[in-house]
Amino acid sequence: MTYDLQAIMTDAWGIVRRANVALYGFRTIMRRALKAAWANAKHERAMRARQEKQKQASPEVLRIQSEIAILESKTHWEQPDYARIGVLRAALRAVLG
């Protein structure tokens, strides 16, 4: 799988146009813009791969992952929550492994 180099350069030039080139210099701005554009492209690729993997997951895996996400988003955990998260993680390992 290859990256869309034209899109990466377009993103980098967009960053350059918004930046204060007179203050930092063109080379510095362009270097940082290219790094940011490449990082964004790599992140988008990773997210697409994760979404594809998520689509292929079984309903049982999705159910367990959603329960884990609900528990992890709580601001205050009580003792049964710690036990439940351990059981859910073990179940997820068993289903995936």
Side-chain angles (χ1 to χ4, degrees):
M1 180 183 253
T2 61
Y3 290 99
D4 184 5
L5 299 180
Q6 183 176 2
I8 292 171
M9 286 302 291
T10 302
D11 291 344
W13 275 106
I15 294 170
V16 169
R17 285 187 192 100
R18 290 188 305 269
N20 188 351
V21 177
L23 181 63
Y24 297 106
F26 176 76
R27 293 179 76 175
T28 302
I29 296 296
M30 190 63 178
R31 181 176 58 241
R32 291 179 181 177
L34 281 170
K35 284 181 182 181
W38 272 104
N40 188 31
K42 290 176 183 179
H43 175 72
E44 287 175 2
R45 177 187 271 186
M47 293 307 295
R48 277 195 304 271
R50 184 175 179 181
Q51 288 172 351
E52 289 297 321
K53 187 176 178 182
Q54 194 75 5
K55 287 179 185 176
Q56 297 172 356
S58 69
E60 181 67 17
V61 171
L62 294 175
R63 183 190 64 78
I64 294 171
Q65 286 176 338
S66 67
E67 287 186 36
I68 290 173
I70 289 169
L71 271 176
E72 287 178 342
S73 66
K74 289 178 74 172
T75 56
H76 179 74
W77 281 27
E78 298 189 9
Q79 192 62 35
D81 296 331
Y82 290 102
R84 180 76 179 141
I85 196 81
V87 170
L88 287 172
R89 287 181 177 156
L92 184 61
R93 279 193 301 271
V95 170
L96 292 176

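No continuous path of ILVMFWY side-chain contacts below 4.5 Å connects Met9 to Ile15, so the two sit in separate hydrophobic clusters.
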Taking only distance into account, with no hydrogens and no angle test, what donor-acceptor pairs under 3.5 Å do side-chain atoms of residues 84-97 form with protein atoms, sequence neighbours excluded?
from: Arg84; atom 1: NH2; to: Glu67; atom 2: OE1; distance (Å): 2.5
from: Arg89; atom 1: NH2; to: Glu72; atom 2: OE2; distance (Å): 2.7

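Evaluation of the salt bridge (Lys or Arg N to Asp or Glu O under 4.0 Å) test over residues 4-16, restricted to residues two or more places apart or in two chains, returns none. Sequence neighbours left out, the pairs with a member in residues 41-80 that pass ring pair (Phe, Tyr, Trp, His ring centres under 6.0 Å) are Trp77-Tyr82. Sorted by first and then second residue, the salt bridge (Lys or Arg N to Asp or Glu O under 4.0 Å) pairs involving residues 17-36 (not counting sequence neighbours) form an empty list.
The hydrophobic cluster containing Leu5, built from Ile/Leu/Val/Met/Phe/Trp/Tyr side-chain heavy atoms closer than 4.5 Å, also comprises Tyr3, Ile8, Trp38.
Here the shortest heavy-atom pairing between Ala12 and Ala37 reads N-CB, 3.9 Å. Of all non-hydrogen atoms in Ile70 and Ser73, the two that sit nearest each other are O-OG, 2.9 Å.
Between Leu62 and Gln54 the shortest side-chain heavy-atom distance falls below 4.5 Å.
Within a 6.0 Å sphere centred on NZ of Lys74, heavy atoms belonging to other residues, nucleotides or ligands number more than 12.
A distance of 14.0 Å separates NZ in Lys55 from CZ in Arg50, rounded to the nearest 0.5 Å. The CG atom of Leu23 sits 7.5 Å away from the CD1 atom of Ile29 when rounded to the nearest 0.5 Å.
The ring pair (Phe, Tyr, Trp, His ring centres under 6.0 Å) search around Phe26 returns Trp13, not counting sequence neighbours.
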